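Only one structure is covered here, and it is reproduced in the block below.
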Amino acid sequence: MPELPEVETVRRMLDAHVLGRTVARARLSDKKLRTAISPATFRKLAGRTIESTGRHGKYLFVHFSGGVTLLSHLGMSGRWLFSDAAPADDLKHVHATLVFADGSWLRFQDPRRFGLVRVVATGRLAKEPELARLGPDPIATPPDAADLRERARGRTVAVKAFLLDQGEIAGVGNIYASEILHRTGVHPARKAGSIREPEWSAIAIETRRVLEEAIDRMGTTFSSYRTLWNEPGQYGERLLVYDRAGQPCRRCGRPIRRSVIGQRSTFFCPSCQPARGAGYGKK
DNA sequence: ATCCTATCCTGTAGGC
DNA sequence: TGCCTACAGGATAGGA
């Protein structure tokens, strides 16, 4: 669910509204997230002020005074939710709570608990194993076609699985991978090694375009994703193929198909995205 | 090295 | 209405 645009939306909202606030209390639920941290570690945030935010791929950083960073990943169902005062709701699955000195609250809710919340020394952030594995962030570093072609050389995995590999491009998830491939006319099941450089150029360009357009609309809410204000993202109405099986292709009118690649739902137009590849020079 | 599968967990949609 | 199953945007460990 939450891919780069959704995480970036949350980051921008934190940046605009939560910067400068000082933590009065920091507490964790007793349920374990993907990687458990101790309540004592989390409580290190108390007394510190939020100075800046960052992001790499789908990982969010909140930098605090005193050289400490909150590292977070939304997993499948994670949300960071802000409220100006103590919330009156009785939200289930809240696993981390920051109460600020001004009375506002920031909570991490995650029913499926695939998400990540960790407190680390800012100076050692890049050494965290999850981050050390990541490929370049496509917003910070525009993907380079020749580089992609080189890294994909000889690879037999489906190009769609290649795009989902966070070690190659950090931040593309299941929704946007289908969207990128449709825009570029590349069939998702083609082997990564068979994609020609002009096609990689198109993929590089459309990757940035799709992600930036989705950021402009605060991301895609397929089911659980919400912004910092608990609002859905608006990009869903712009999707060309994702979750549109049987509906007409917005380009050629023929029905969108669903298949499974690497255990993940994949959507494409068989007409606009031929299995053998076409439209970018010969074979 | 690369690829594929199973797995973590809960909520929800759809079939009966 | 209720029960049951299948499935969901992610990432990783481990086996082939």
Side-chain angles (χ1 to χ4, degrees), chain A residues 1-10 29-36 55-60 71-80 91-95 108-118 128-135 137 150-182 188-194 207 210-211 214-215 217-227 232-246 258-267:
Chain A
M1 97 204 203
E3 308 180 26
L4 186 153
E6 291 73 37
V7 179
E8 176 65 9
T9 298
V10 172
S29 76
D30 45 12
K31 297 261 190 163
K32 288 190 168 75
L33 293 173
R34 199 169 85 211
T35 311
R55 182 191 55 73
H56 188 154
K58 302 172 194 173
Y59 288 85
L60 172 70
L71 167 66
S72 178
H73 189 296
L74 301 178
M76 293 278 243
S77 57
R79 302 168 174 172
W80 280 103
L91 262 196
K92 288 164 71 172
H93 309 298
V94 172
H95 297 110
F108 183 73
Q109 182 198 30
D110 184 6
R112 290 178 73 179
R113 284 190 269 140
F114 291 168
L116 171 72
V117 170
R118 187 185 296 158
E128 290 299 302
E130 295 90 342
L131 300 180
R133 275 192 275 273
L134 293 181
D137 181 276
E150 190 51 40
R151 281 185 290 152
R153 179 155 286 144
R155 301 281 299 274
T156 60
V157 277
V159 61
K160 195 230 178 189
F162 184 88
L163 290 181
L164 285 178
D165 184 341
Q166 302 301 297
E168 301 298 344
I169 298 179
V172 175
N174 207 36
I175 293 179
Y176 299 111
S178 280
E179 295 298 308
I180 291 162
L181 292 172
H182 179 262
R190 287 177 55 199
K191 296 183 189 319
S194 79
T207 294
V210 169
L211 298 177
I215 291 168
R217 303 186 74 80
M218 300 195 303
T220 303
T221 291
F222 175 69
S223 60
S224 58
Y225 159 74
R226 293 291 186 286
T227 71
Q234 301 300 311
Y235 194 73
E237 60 201 47
R238 299 296 180 97
L239 295 174
L240 298 178
V241 288
Y242 187 83
D243 203 30
R244 296 194 65 241
R258 174 187 183 273
S259 70
V260 174
I261 294 175
Q263 309 166 245
R264 314 296 300 281
S265 289
T266 303
F267 299 87

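Letters A, B, ... are given to chains in the order of the sequence lines, protein chains preceding strands, and every chain is numbered from 1. In this text the structure is predicted, and so the values were computed from the model without any measurement.
In terms of position along DNA chain C, the nucleotide closest to A/Arg112 lies nearer the 5' end than the nucleotide closest to the other residue of the pair A/Glu130 and A/Arg112. Residues A/Gln263 and A/Arg151 each lie close to DNA chain B; by heavy-atom proximity, the contact nearer the 5' end of the strand is made by A/Arg151.
At the phosphate of B/dG11, OP1 or OP2 sits under 4.0 Å from a side-chain N or O atom of A/His93. For A/Arg34, no side-chain nitrogen or oxygen approaches OP1 or OP2 of C/dG10 to under 4.0 Å. For the pair A/His73 and C/dG10, the criterion of a side-chain N or O lying under 4.0 Å from OP1 or OP2 is not met. Within the structure, every side-chain polar atom (N or O) of A/Lys32 is placed at least 4.0 Å from both OP1 and OP2 of B/dC8. Contact annotation: A/Arg153 does not reach the phosphate of B/dT2 (side-chain N/O to OP1 or OP2, under 4.0 Å). Residue A/Arg133 places at least one side-chain N or O closer than 4.0 Å to OP1 or OP2 of C/dT12. Phosphate contact (OP1/OP2 of B/dC3, side-chain N/O of A/Thr156, threshold under 4.0 Å): present. Phosphate contact (OP1/OP2 of B/dC3, side-chain N/O of A/Arg155, threshold under 4.0 Å): present.
If you take CE of A/Met76 and P of C/dG10, they are 6 Å apart, rounded to a whole angstrom. Distance, A/Gln166 CD to C/dA11 C1': 8 Å, rounded to whole Å.
Across all strands shown, B/dA6 pairs with C/dT12; the Watson-Crick or G-U wobble distances both stay below 3.5 Å. The partner of C/dT5 is B/dA13, judged by Watson-Crick or G-U wobble contacts that both fall below 3.5 Å.
A salt bridge links A/Arg217 with A/Glu237: the distance from a Lys NZ or Arg NE/NH1/NH2 to an Asp or Glu carboxylate oxygen falls below 4.0 Å.
Without hydrogens or angle criteria, A/Thr266 side chain to A/Val260 main chain gives no donor-acceptor distance under 3.5 Å.
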